[in-house]
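Values in this document were obtained by computation on a predicted structure and should not be read as measured data. Every chain is numbered from 1, with letters handed out A, B, ... down the list of sequences.
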Amino acid sequence: MISAPRYHLPTGIRSFLLLLAAALLCLPFADIEISNRSPWQEFAAMAGGFFQPTLLPFDELIAAIAQTFSYAFLAVCTAAVGGLFLSLFFHQLWLRSLCAAIRSVHELFWGLLFIQLIGIHPLAGYLAIALPYTGIFAKVFAEIIEEHQSQAVAPRHSDRFSHFFYAQWPQLLPHFRSYSLYRLECGLRSSTVLGFIGLPTLGFHLETAFMQGLYSQAAGILFIFYIMIASLRWWMRPTLLPLYFAVALFSLWGQEGLQLSLASHFLHDIIPLPIRNGEDINGILYWLSHLGSTEIGPGIGNTLVVTQIALLLTAVIALCLFPFSSRQFFSLPIRFSSHLALVILRSTPELIIAFALLLLLGPSMLPAIIALAIHNGAIIANLISRHSHQITLRLDASKGFHRYCFEIMPRIYGQFLAFLCYRWEVILRESAILGILGVHTLGFYIDSAFESFRLDVAVILIAVSALLNILVDQGSRQLRHRLHLRSTPQAQRNK
Amino acid sequence: MISKLSKTLLTLLLCSTAAAETFVFTAIPDADETRLNARFSKVADYLEQQLGVAVKYVPVKSYAAAVSAFRNDQVQLAWFGGLTGVQARRLTPGSAAIAQGAEDPEFKSYFIAHHSTGLINGAQLSENIKGMTFTFGSKSSTSGRLMPEYYLQQQFQQSPEQLFSRVGFSGNHSRTIALVQSGSYQLGALNYQVWLKELAAGKVDLDKVSIIWTTPHYPDYQWTVRGDVDKRWGEGFKQKVKQALLDMKNPELLNAFPRKAFVPASNKDYQAIEDTARAIGLLD
């Protein structure tokens with residue numbers, strides 16, 4: 001019997017269809033509407049401000065820049081060292097789970113928790129970045145090490161320590177360095193965003209200016225921030241590390257003592273209310289089911305809807321934008337302006353983009369979805385355009401659209417999917433944050449719980465969003481394995 | 001120089017009990033957050049002069065942060081809204097409301113609407129608001145959330161989520177005006193003082209946004225002080241603080257709040273606020 005050969009769609013196409021299906025499935029549940037009728041006055045004010053930036057008073061500006069840098073630098077440095085250490089033991093299941101748990105909570109929520117635990121103190125801001133970043137570094141470093149295991153050649157009988165430092169280290173270092181630099185950019189973003197909850201960084205002034213409608217001032221702060229990010233590769237030199245470390249330590253040092261007495265408040269407050277009131281098991285179950293039906297259920301639903309649609313849109317934006325930054329398509333002037341545009345798109349905090357869109361489009365999930373997609377799409381576009389530079393084409397390779405479809409896309413597609421999987425959990429984490437806009441994601445309910453001093457509810461909701469994150473992380477890991485993608489985009493990028 | 005400057009800013013922004021001899025106060029960031037330092041440092045100077053101890057003002061970023069700072073003893077005196085004051089006093093046993101603005105016993109909120117809704121000012125809210133979009137101010141605001149939500153429930157027997165097609169939280173009162181004026185939301189509710197102030201400053205376009213309803217009176221803002229200040233700054237310190245606030249006559253200082261004068265207040269003046277918050281489910 002001869003049976004007809006069964007045709008399988010390529011895994012890449014299948015995965016994209018999966019992504020499309022997931023987003024389409026979410027669409028009926030998405031609260032998407034353009035309801036604004038006269039946005040132009042406010043929008044014109046915003047645009048006017050953007051083209052006429054004004055700077056903060058010099059001393060405030062310098063202080064804010066120093067703080068933004070210091071939190072990011074100290075947290076990323078220590079997280080890199082801590083993560084490297086942990087990555088050596090990453091085969092332990094408990095350690096992997098622990099790292100997954102700490103990185104699944106967004107910096108902003110870590111910040112809010114630490115402020116409750118130790119008061120408004122620089123250490124709270126530092127830990128809010130350093131803790132989740134340690135989990136991220138441990139994971140990524142462990143994966144980089146794993147991928148280079150086989151290439152390391154060392155004399156037999158050498159101990160594990162020597163093997164690591166003499167045979168592996170020299171190969172790993174460039175990857176560690178390039179990833180750490182990327183993380184520092186993320187760290188600067190995080191320390192800025194933490195300004196929204198009170199850290200004296202650029203974000204503190206940015207939020208104030210933006211919320212008051214002082215768009216010129218907001219634009220001035222954003223431009224400073226863009227310059228910091230765009231010039232990162234020039235000013236972040238290995239030889240200058242000790243100097244930066246000293247400056248960062250110095251500008252955060254000298255604070256008054258910690259209030260460890262707050263810990264007892266905190267431990268009391270996170271005990272669920274019915275237990276504190278001495279209610280029986282029925283009371284506890286009733287409380288939990290009420291929380292489940294009013295906040296956890298709708299929160300998870302809305303978070304997933306926003307995430308899946310934003311993920312699809314992220315993919316589309318990334319694929320549309322990357323050619324403009326790629327050497328395979330455009331000449332230097334266009335690439336340079338595209339590079340700048342990507343810096344602006346990915347460095348503007350999503351909250352700011354979302355607020356601008358809220359004014360323009362009116363309230364719905366739409367501003368949140370577009371803001372997430374723009375931010376993450378620009379990040380992926382930047383990464384794949386750099387990846388495309390490593391492709392060598394034949395001299396007579398086709399040009400323009402044909403080159404895009406038949407030369408470049410097939411070669412970068414796997415890498416693109418790897419980045420997209422990687423951003424999946426990031427988008428999920430960040431969609432929780434945009435709840436602050438009034439889109440009822442988990443983040444909206446977490447923010448409400450902190451506002452009404454229901455730390456018991458806040459901690460439960462944070463745990464739920466962490467769990468959701470871990471599930472998505474597992475899902476994207478499985479997908480990557482099925483597609484035979486390298487698990488770390490950064491590691492592959494440098495091949 | 002960088003570190004010196006940043007330290008100056010840090011000490012302004014952050015503080016803790018180690019500086020026990022400095023008496024620290026804050027205010028909820030309810031409207032114009034810029035130049036908070038400039039406005040309130042004059043109040044700090046005045047209090048320093050009256051009390052004979054070092055007084056410092058620290059700005060905070062959110063209503064919840066003001067309450068946290070008070071509870072954590074990072075500030076000992078705070079200018080709270082009705083609801084944040086109740087929250088703070090519940091979390092900080094022994095603390096007391098000591099003074100309120102002359103306007104605060106009879107505070108009110110304005111409901112405002114974008115002109116495209118066709119709504120006009122009336123003795124009660126129109127039935128036509130059902131299904132429109134609506135924004136509160138901050139989640140913990142008394143005049144921008146608690147009382148508007150309470151009066152909506154009174155009139156329509158429905159929660160705002162059931163009543164409106166969309167309910168947002170703009171973050172503060174000025175932002176509520178901006179969002180309704182731009183048409184992002186059709187309706188909003190806010191502190192009447194902030195409306196009047198923004199109107200006087202020319203930031204409100206009455207062709208685009210107007211008042212459609214004024215709520216009945218309720219008690220709002222007040223000064224709340226921690227219970228342990230007498231122990232730390234000497235017997236009678238709480239009374240001295242209260243007197244200093246009541247004696248504040250300089251319009252420039254009072255304008256920072258903005259109030260005509262301060263009058264005595266006590267915890268029980270805010271019982272109604274606490275009951276309302278509990279009825280709405282904002283307090284357990």
Point-to-point distance, once rounded to the nearest 0.5 Å, from [atom1] of [X] to [atom2] of [Y]:
X        : Y        : atom1 : atom2 : result
A/Leu358 : B/Leu179 : CG    : CG    : 5.5 Å
B/Asn72  : A/Phe266 : CG    : CZ    : 12.0 Å
A/Glu451 : B/Thr84  : CD    : OG1   : 10.0 Å
B/Glu161 : A/His440 : CD    : NE2   : 6.0 Å
B/Asn172 : A/Thr208 : CG    : OG1   : 10.0 Å

Considering only heavy atoms, which portion of [X] lies under 4.5 Å from any heavy atom of chain B: side chain, backbone, both, or neither?
X        : answer
A/Leu273 : side chain
A/Asp269 : side chain
A/Ser70  : neither
A/Phe196 : backbone

Measure across [X] and [Y] and return the closest heavy-atom pair with its distance rounded to 0.1 Å.
X        : Y        : result
B/Gln87  : A/Phe453 : OE1-CE1, 3.7 Å
B/Lys139 : A/Phe444 : NZ-O, 3.1 Å
A/Gln116 : B/Ser68  : NE2-OG, 3.0 Å
A/Pro363 : B/Ser184 : CD-O, 2.7 Å

Does atom CZ (B/Phe25) have a neighbourhood of more than 12 heavy atoms from anything else shown, all under 6.0 Å?
yes

Measure [X] against the heavy atoms of chain A and call it side chain, backbone, both or neither at under 4.5 Å.
X        : value
B/Leu283 : backbone
B/Ser165 : neither
B/Ser62  : side chain

B/Lys61 side chain to A/Gly195 backbone, donor-acceptor under 3.5 Å:
no

When only pairs under 4.5 Å are counted, which of A/Ser448, A/Ser452, A/Ala45 shares the most heavy-atom pairs with chain B?
A/Ser448

